[in-house]
Undergrad: 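My questions will all concern the structure given below.
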Amino acid sequence: MSRAAVIRFPGSNCEFETARALKNSGLNARIYNWNDIELLSDNRADAYVLPGGFSFQDRIRAGVVASRESIMDLIFEEAVNGKPILGICNGAQVLLESGLVPGWKPGSVQGALAGNLAPGRSGYLSGWINLKPASEAIERCPWLCAMSGEPIPVPFAHAEGRFVFRKEDTESVKSHIGLTYCEVDGSAPDGYPANPNGSALDVAALMNVDGNVLAMMPHPERSFYLWQVPPDLKGPWGDMRRNSSLKGLEDQPGPGAIIFKSLAKYLGGNNG
Amino acid sequence: MSRIPGREELKKEISSRSLAMTVEEAEKLAGYVDRMPTPLEFHLFDTMWSEHCSYKSSKPVLRTLPTDSPGVVIGPGEDAGIVSFCHQNGREWDLVVAHESHNHPSQVLPVEGAATGVGGIVRDVYCMGARVTGSMDLLRFGDPEGVKGETTRGIVRGVVEGIWKYGNALGVPNMGGDTEFHPGYDDNCLVNVVAFGIVPHDRIVHSFVPEEAHKEPYVLILTGKPTDDTGFGGATFASEDLDGEQGMGSVQVADPFLKRVLSEANQAVLDMLFEKGVKFGFKDLGAGGIACVTSELAAHGGLGIDVDLDAVPVSIENLSPEVIACSETQERYGLAVPAFVADDVLALYNERFELPRLFPHCRAAVIGRFNSKPVYNVICRGKNVAETPVNYITEGVVYQREECPVDSGAPEPAERPCDPSKDLIRILTSISGCSRKHIWSFYDSEVQGVTRLRPGEADSCVSVPVEGSRAGLAVSGDGNPWYGELDPFLGGAHAVGEAVRNVVATGATPICATDCLNFGNPEDPKAFWQFKQAVAGIADACCALGFSGGDYPLPIVSGNVSFYNQSAGGKAIPPSPIVAVFGKIHDHRKATDIVLRKAGNLILLIGTRKDELGGSLFYRTCLGHCGGTVPAFRSSLEKRMADWVLGVIHDKRAHSVHDISGGGLAIAGAEMALSSERFGIEFSLDSNPVTLFSETPGYLVEVDPRFIEDVTLPEFVSVAGRVCDGCSVSGNGWSVDLESLRKEWSDKLASVIWREEGV
């Protein structure tokens with residue numbers, strides 16, 4: 001069975017449900033502490049996930065302290081080896097702050113996740129939004145390779161989730177887009193609330209150069225089952241959820257499961 | 001040489017140390033120690049004998065609450081209550097619940113006050129050995145558009161910020177709660193917090209040193225944030241009337257980051273201790289800090305303890321002994337373990353979880369040794385700073401307070417003009433009747449991945465907390481200040497009734513309840529009478545609404561009393577009994593929400609409408625009147641309605657369910673339509689204020705039209721209308737298009753409360 005390692009930093013808080021989503025996708029998942037470096041080094045995994053949370057209290061900037069932890073050297077090494085690496089929410093912030101994504105010059109920071117820009121409010125915002133994969137990303141990214149191209153609804157919950165880049169990088173960043181925010185029908189968002197934080201280019205998830213590392217702000221592990229979908233959600237997933245409620249079909253996969261299924265598919269293919 | 005000080009000397013000590021204790025209490029303390037008490041002893045007993053810790057006014061009344069039911073594992077008395085929840089793979093899992101107030105701190109420092117409110121209540125659940133799987137906030141604020149509107153709006157924004165900053169970072173899903181506005185809270189907001197979690201039955205931890213400590217050496221380990229001077233005198237502060245901005249220094253400073261790391265470290269320590277098979281005690285540090293945790297762990301285990309304050313990790317030098325011992329620095333726990341495992345415990349905290357690296361001066365340390373001589377002995381810099389027989393510390397004090405009935409005497413309005421469409425719009429766009437979504441949007445309700453129904457989707461939030469089990473947990477907290485004001489007994493009864501209905505409406509069977517009783521000064525006979533009435537109402541309702549079979553009540557397993565909710569001017573809050581009810585649904589896939597499913601379905605009305613609109617949203621919003629006749633609490637009907645609704649849900653015949661409470665039937669219908677977007681309701685009932693807006697308890701249930709052919713409806717059930725296409729609600733001679741109202745309904749709260757932030 002392929003092995004996935006979930007890396008817990010001090011202040012991570014989504015490690016358990018992330019490990020559960022990996023396990024229930026047919027992977028052998030295990031949580032490692034930030035200081036389990038030797039243990040992990042001796043037991044390399046086939047894929048790595050940096051879960052959500054508030055690592056190191058978001059001191060200085062979200063993700064920056066964790067990105068300097070020694071265990072990130074190992075993650076760097078594995079990224080270069082081409083191993084699939086996913087950062088969710090705070091994990092995505094760590095990946096940006098470590099320079100792994102977009103990773104033009106590994107180790108130097110070339111993008112940031114800035115404070116949300118939403119009309120008339122500041123701070124934390126949670127809700128459900130729709131995501132659509134970039135078509136090249138389906139081919140290049142092990143975390144998206146099972147996606148059909150149809151939009152999926154997934155929850156988000158963050159105060160700093162707005163991707164920002166230097167002006168001169170705007171063109172080159174386009175080939176790194178993994179997922180963008182979209183309207184329920186898949187069309188480009190007409191600003192807020194479909195793009196919930198003012199993210200540049202409507203980016204919700206960004207890849208590195210090789211596509212094996214993905215920094216994703218929304219939480220696929222929280223929409224792993226159909227029963228996690230809100231009953232008042234618009235669109236086909238909402239309809240499915242509403243129609244299933246008297247039929248007991250709700251153990252079915254939810255929209256976010258496809259991220260973990262993609263990994264299972266990718267590793268299954270690689271490992272024969 | 002012993003010398004008992006005189007009254008005058010004691011009075012001087014009380015005033016120079018800003019103690020809350022009476023001279024009589026100080027005399028009692030001096031008698032205990034047979035000399036002038038040390039500063040530490042003064043502060044320790046001031047905390048232990050404060051209303052907040054000792055329940056000295058409320059204890060005799062609280063004993064009248066029903067607490068016994070077959071599922072109860074631990075009733076009131078420890079840090080949290082515990083009831084049996086489900087079985088999974090041959091293991092029994094229990095539900096741990098706690099409920100308290102953080103009212104005074106939130107009024108003076110809203111962000112910090114509300115944050116430490118969450119921080120304190122989750123510790124009560126963690127220290128029973130549980131993982132915390134949810135929290136809930138029951139908030140009461142003044143009138144945001146009234147004379148103190150600006151202050152109130154700032155408090156609301158601050159409280160919401162404190163809750164999200166703490167709860168989201170800690171990783172505990174917010175399971176909603178409720179928010180009410182009433183001018184009676186202008187000078188005293190209420191921030192009641194509920195936390196709950198799950199623990200395997202064989203891993204419940206108690207908050208006293210175990211019996212084994214009589215035979216082998218046990219030590220006390222203090223872990224968590226280094227001690228500072230924050231929150232010194234917090235319990236005393238909570239036990240006095242609020243006077244302006246006084247007491248700011250008594251508010252603690254929260255750190256959810258450290259708490260998150262500590263929670264995982266604690267779990268690793270408990271795992272290790274269970275694996276080794278040693279017995280231990282575990283308790284969080286709350287009111288009274290180190291002094292209380294050390295003395296209580298010892299006293300409840302029948303032992304004495306020597307505490308060495310020089311061993312306490314501190315973040316500020318040269319703190320006085322009483323500050324080290326009694327400050328309420330947050331994020332700390334005390335652990336009573338056999339001496340031989342102490343090094344292993346310290347290694348987990350300090351090396352495995354690297355506490356010293358994560359936070360300056362933070363580490364776990366041995367600070368005390370238990371012994372069989374029943375004396376509470378504290379040493380600081382080589383000197384004895386407290387030496388008291390340990391049993392006196394936990395003995396407590398009790399007062400019989402006087403009571404004096406209050407007759408609200410409020411009249412009903414002389415006339416009740418009603419224009420259903422206009423009135424419905426008025427209510428839905430009022431601050432009391434509008435959506436609470438803006439508040440919830442700051443909260444993380446989905447962390448941990450266990451949330452099945454979020455705030456607003458159903459009458460209560462539902463989660464699926466035990467991995468591998470389908471058992472669903474429904475939670476709701478309620479309490480209507482207008483009912484409490486007009487009739488505190490009914491205020492208490494309906495707080496239980498509404499929370500029960502909210503849980504039942506999702507298909508869950510109520511299994512236990514908690515209460516937080518918020519009142520004015522108990523030394524005022526009128527306030528004390530209100531308190532007693534509300535408790536009697538809660539007790540009556542709980543006795544009527546037991547779901548465990550036989551005559552068993554719905555047990556109250558934990559709770560809190562908050563007195564002195566009044567300003568220095570003597571204006572007390574409306575009597576505010578607030579009740580949380582916890583329910584279980586065997587298979588969460590059957591849980592029902594309020595989203596209408598299909599045009600053509602029937603809407604059944606459960607509970608015949610009565611002319612009892614006192615305190616109703618209709619009176620207040622449309623007539624500018626409070627009225628006098630609060631809905632009666634019909635205990636046996638309430639139970640029969642709940643049983644019937646649960647039956648329909650369990651038979652998978654209910655497509656959606658919503659309880660009828662604030663705003664009455666018309667508002668309940670409108671809320672169902674607003675959440676489904678595509679559908680509405682056509683009511684086929686009379687268009688009078690009683691039918692549409694009376695808050696007589698009840699439910700609306702959406703069923704297939706064939707349902708009424710298959711099932712004989714009981715006398716309290718009738719057909720009220722049907723589901724139609726389009727988001728609207730209508731009746732005989734009136735109709736409201738809700739789609740055009742949606743924006744105002746959902747944005748109203750933000751536009752009023754967050755106006756200073758440019759919304």
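Lettering follows sequence order; numbering is per chain, from 1.
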Undergrad: Measuring only between side-chain heavy atoms, which start at C-beta, is A:Phe54 closer than 4.5 Å to B:Arg260?
TA: no

Undergrad: Identify which part of A:Asn116 has an atom lying under 4.5 Å from any heavy atom of chain B, answering side chain, backbone, both or neither.
TA: neither

Undergrad: Could you check if a side-chain atom of B:Val450 sits within less than 4.5 angstrom of a side-chain atom of A:Glu17, using non-hydrogen atoms only?
TA: no

Undergrad: Considering all heavy atoms of both residues, which atom of A:Asp232 and which atom of B:Ser675 are nearest to each other, and what is their separation?
TA: CB-O, 3.2 Å

Undergrad: Under a 4.5 Å heavy-atom cutoff, which of A:Ser223, A:Pro155, A:Gly127 has the most pairs with chain B?
TA: A:Pro155

Undergrad: Counting only heavy atoms closer than 4.5 Å, note whether B:Val172 contacts chain A via side chain, backbone, both or neither.
TA: neither

Undergrad: Which heavy atom of B:Leu453 sits nearest to which heavy atom of A:Arg241, and what is that distance?
TA: CD2-NH2, 3.7 Å

Undergrad: Is A:Val65 close to chain B through its backbone or its side chain, or both, or neither, when contacts mean heavy atoms under 4.5 Å?
TA: neither

Undergrad: Side chain, backbone, both or neither: which part of B:Asn168 has an atom under 4.5 Å from a heavy atom of chain A?
TA: both

Undergrad: So among B:Thr592, B:Ile594, B:Asp593, which one has a side chain to side chain contact (heavy atoms under 4.5 Å, CB included) with A:Pro231?
TA: B:Asp593

Undergrad: Does anything in residues 56-63 of chain A get under 4.5 Å of chain B by heavy atoms, and if so which residues?
TA: A:Phe56, A:Gln57, A:Arg59

Undergrad: Test your reading of the model: is there a side-chain donor-acceptor pair from A:Glu221 to the backbone of B:Gly449, 3.5 Å cut-off?
TA: no

Undergrad: Residue by residue, which of residues 30-40 of chain A have a heavy atom closer than 4.5 Å to a heavy atom belonging to chain B?
TA: A:Asn33, A:Trp34, A:Asn35, A:Asp36

Undergrad: When rounded to the nearest 0.5 angstrom, what distance separates CG in A:Leu226 from CZ in B:Arg589?
TA: 11.5 Å

Undergrad: Between A:Ser126 and B:Asp444, is there a donor-acceptor pair closer than 3.5 Å when you use the side chain of the first and the backbone of the second?
TA: no

Undergrad: Any heavy-atom pair between the side chains of B:Arg597 and A:Asn243 that's under 4.5 Å?
TA: no

Undergrad: Looking at A:Arg121 and B:His438, what are the two nearest heavy atoms and their distance?
TA: NH1-CE1, 3.6 Å

Undergrad: So which residue, B:Ser445, B:Ser441, B:Gly171, ends up with the most heavy-atom pairs under 4.5 Å with chain A?
TA: B:Ser441

Undergrad: Given heavy-atom pairs under 4.5 angstrom as the criterion, report whether the side chain, backbone, both or neither of B:Phe353 touches chain A.
TA: both

Undergrad: Does a salt bridge link B:Glu467 with A:Arg20, judged by any charged N lying under 4.0 Å from a carboxylate O?
TA: no

Undergrad: Are more than 12 heavy atoms, taken from residues, nucleotides or ligands other than A:Asp190, located less than 6.0 Å from that residue's CG atom?
TA: no

Undergrad: Just jot down the ring pair (Phe, Tyr, Trp, His ring centres under 6.0 Å) partners of A:Tyr124, sequence neighbours excluded, or say none.
TA: B:Trp164

Undergrad: Tell me, for B:Ser676 versus chain A, whether the close heavy atoms (under 4.5 Å) come from the side chain, the backbone, both or neither.
TA: neither

Undergrad: Which region of B:Arg470, side chain (C-beta onward) or backbone (N, CA, C, O), has a non-hydrogen atom less than 4.5 Å from a non-hydrogen atom of chain A, or is it both or neither?
TA: side chain

Undergrad: When only pairs under 4.5 Å are counted, which of B:Glu161, B:Arg357, B:Lys598, B:Lys259 shares the most heavy-atom pairs with chain A?
TA: B:Arg357

Undergrad: In terms of heavy-atom proximity below 4.5 Å to chain A, should B:Val261 be classed as side chain, backbone, both, or neither?
TA: side chain

Undergrad: Using a heavy-atom distance cut-off of less than 4.5 Å, which residues of residues 7-16 of chain A contact chain B?
TA: A:Arg8, A:Pro10, A:Gly11, A:Ser12, A:Asn13, A:Cys14, A:Glu15, A:Phe16

Undergrad: Please examine the side chains of B:Glu446 and A:Trp128, heavy atoms only from C-beta on, and report whether any two atoms are closer than 4.5 Å.
TA: yes

Undergrad: Side chain, backbone, both or neither: which part of B:Arg157 has a heavy atom under 4.5 Å from chain A?
TA: neither

Undergrad: Crowded around B:His650 NE2? As in, over 12 foreign heavy atoms under 6.0 Å?
TA: yes

